[in-house]
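Scroll down for the structure; my scribbles are underneath it.
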Amino acid sequence: MVKYCKFYRECKSKAVYRIPHSNLALCKDHFLANVEKRVQKLIQKSHIIRREGKNKILIALSGGKDSQVLLSIMKKSYPENIELHGLYIELGISDENYSKDSGIIAQSLCDKLNIPFYKIDVKLLNGFNIDDIHILKQIIEKNKQISKDDQIRGECSYCGLLKRYHINKFAVDNDFSVVLTGHNLTDEATSLVNNFFNIDIGFLKKPGYFIESKTKNLVSRLKPLFYISEEEIAMYAYLSNIEHLPTECPYSAQAPNIKIKKTLLEIEQYRRGNMISLLRRYYKVMQPEIKNASSAEKHLDRICALCGSPTFTKICHFCKTTENILETLKKYNI
Ligand code: Q46
Ligand code: ZN
Ligand code: ZN
């Protein structure tokens with residue numbers, strides 16, 4: 001039987017998608033409008049768009065569906081009163097041409113929407129990329145029996161650090177008021193559960209979709225797709241014909257959260273809306289309690305002696321890590 005759009009009983013079009021958490025069947029136009037409205041709601045709640053002055057906003061792009069959809073929605077929703085710019089971090093993941101193709105796709109959408117595009121190559125700036133980390137990890141693991149001196153974490157751990165650092169630095173250096181990232185509901189629910197398992201209080205007391213910075217050299221960050229699931233984003237990209245890289249990063253299969261994500265998606269099959277209610281209720285009820293109960297927030301009140309970033313210690317975590325990686329790469333002649 002053909003299902004019809006249930007948008008306030010006004011619409012007589014055929015439904016194309018059922019919103020997972022509300023079970024609301026919608027036609028193409030009303031589905032797209034529903035997603036856009038939910039994104040605009042978070043933008044409004046975070047007050048990142050000022051009525052006066054310039055609204056210079058940076059979107060972190062990866063060429064994947066999340067950031068491509070975010071860029072399209074932002075351009076469509078705020079055609080005039082904000083100045084949008086796109087930044088792509090070239091991480092040097094060569095398998096299946098992953099990084100190269102991602103950059104081309106991100107740039108192509110920026111060109112199409114007339115948005116300034118920038119690219120930062122981590123190998124040029126830091127002397128190594130994620131492929132180098134991968135090679136180093138393989139060698140260290142192979143040599144474990146001989147030497148336990150060298151320790152290395154997974155590729156994603158360094159990748160996350162490089163991206164966060166360079167996105168923030170670029171935003172600070174170029175006077176952006178806020179950075180938007182494409183983190184979605186599915187990934188956020190997965191990280192939350194993972195951090196519960198690890199009892200990572202530092203993460204658990206952080207605010208959800210908006211991290212407002214009052215620290216010099218640290219830009220505020222907003223995740224406008226926080227309450228939009230991966231499936232809804234894929235549907236939005238498909239229905240709006242938004243070009244994006246369809247393949248996953250070759251290192252994503254080793255990402256520590258992948259099994260938790262699969263389990264959450266299975267739970268979602270019989271507890272519809274489980275992920276969205278987990279995030280909503282956690283950030284409304286539990287996060288404020290954890291924040292109040294835990295020791296006072298440590299402030300990033302020092303400036304890194306090497307790079308000038310805000311830090312707790314004399315040298316920031318990024319500079320210490322990159323220095324350590326460069327030394328280890330040299331040791332193994334990579
Ligand atoms: S790009 Fe980087 Fe992701 Fe690839 S290495 Fe991991 S973190 S999976 S978003
Ligand atoms: Zn409709
Ligand atoms: Zn530093």
Side-chain angles (χ1 to χ4, degrees), residues 2-19 24-35 37 60-67 88-96 98-103 106 122 125-126 128-135 137 152-169 172 181-184 186-188 190-191 217-218 223 230 239 244-245 247-258 261 300 302-324 326:
V2 180
K3 293 259 186 298
Y4 288 94
C5 177
K6 292 281 188 293
F7 185 78
Y8 292 114
R9 297 178 196 280
E10 282 167 13
C11 180
K12 302 281 177 273
S13 308
K14 277 184 203 163
V16 295
Y17 186 71
R18 196 180 278 280
I19 300 287
L24 187 68
L26 293 172
C27 68
K28 178 183 167 183
D29 288 350
H30 283 123
F31 166 69
L32 298 180
N34 177 288
V35 172
K37 226 170 144 184
L61 301 171
S62 70
K65 60 183 178 320
D66 303 327
S67 54
Y88 175 74
I89 310 285
E90 167 61 55
L91 296 157
I93 300 171
S94 57
D95 201 12
E96 297 166 31
Y98 181 76
S99 288
K100 209 168 157 224
D101 289 351
S102 302
V122 296
L125 290 180
N126 302 113
F128 66 91
N129 60 23
I130 301 302
D131 275 354
D132 295 328
I133 295 280
H134 178 67
I135 296 167
K137 192 177 147 216
I152 189 153
R153 301 188 300 270
E155 293 84 356
C156 294
S157 166
Y158 299 95
C159 184
L161 180 68
L162 286 165
K163 283 190 282 193
R164 276 193 305 277
Y165 180 86
H166 286 299
I167 291 168
N168 180 66
K169 186 159 187 342
V172 169
T181 60
H183 294 86
N184 65 47
T186 316
D187 291 335
E188 289 297 321
T190 305
S191 317
N217 291 352
L218 191 67
K223 302 170 182 174
E230 197 173 278
L239 293 173
H244 60 91
L245 198 74
T247 51
E248 294 276 335
C249 166
Y251 300 127
S252 65
Q254 292 149 38
N257 282 353
I258 199 91
K261 182 171 167 180
L300 289 160
R302 298 179 73 173
I303 292 290
C304 172
L306 296 178
C307 75
S309 293
T311 173
F312 299 117
T313 47
K314 194 175 166 209
I315 307 291
C316 77
H317 177 53
F318 176 84
C319 287
K320 274 187 213 153
T321 308
T322 46
E323 208 180 280
N324 184 270
L326 285 173

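We count ligands from 1, going down the list as the structure has it; atoms in each ligand are counted the same way.
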*Quick one: look up the protein heavy atom nearest atom 9 (S) of ligand 1 and list residue, atom name and how far away it is.*
Lys163 NZ, 3.5 Å
_With a 3.5 Å distance limit and no angle check, can you tell me whether Asp187 reaches the backbone of Asn184 through a side-chain donor-acceptor pair?_
no
_Tyr158 side-chain N/O to Arg153 backbone N/O, donor-acceptor pair under 3.5 Å_ = yes
*For Asp131 and Ser94, does a side-chain donor sit closer than 3.5 Å to a side-chain acceptor?*
yes
*Phe318 CZ to Ser309 OG distance, which is reported to the nearest 0.5 Å*: 8.0 Å
*Lys320, NZ: over 12 other non-hydrogen atoms inside 6.0 angstrom*: yes
*Got a sec, which residues hit side chain to side chain contact (heavy atoms under 4.5 Å, CB included) with His134, two or more places apart in sequence or on another chain?*
Gln138, Glu155, Tyr251
_Atoms named by residue and atom, protein N, O or S, within reach of atom 6 (Fe) of ligand 1 (under 2.8 Å)_ = Cys156 SG
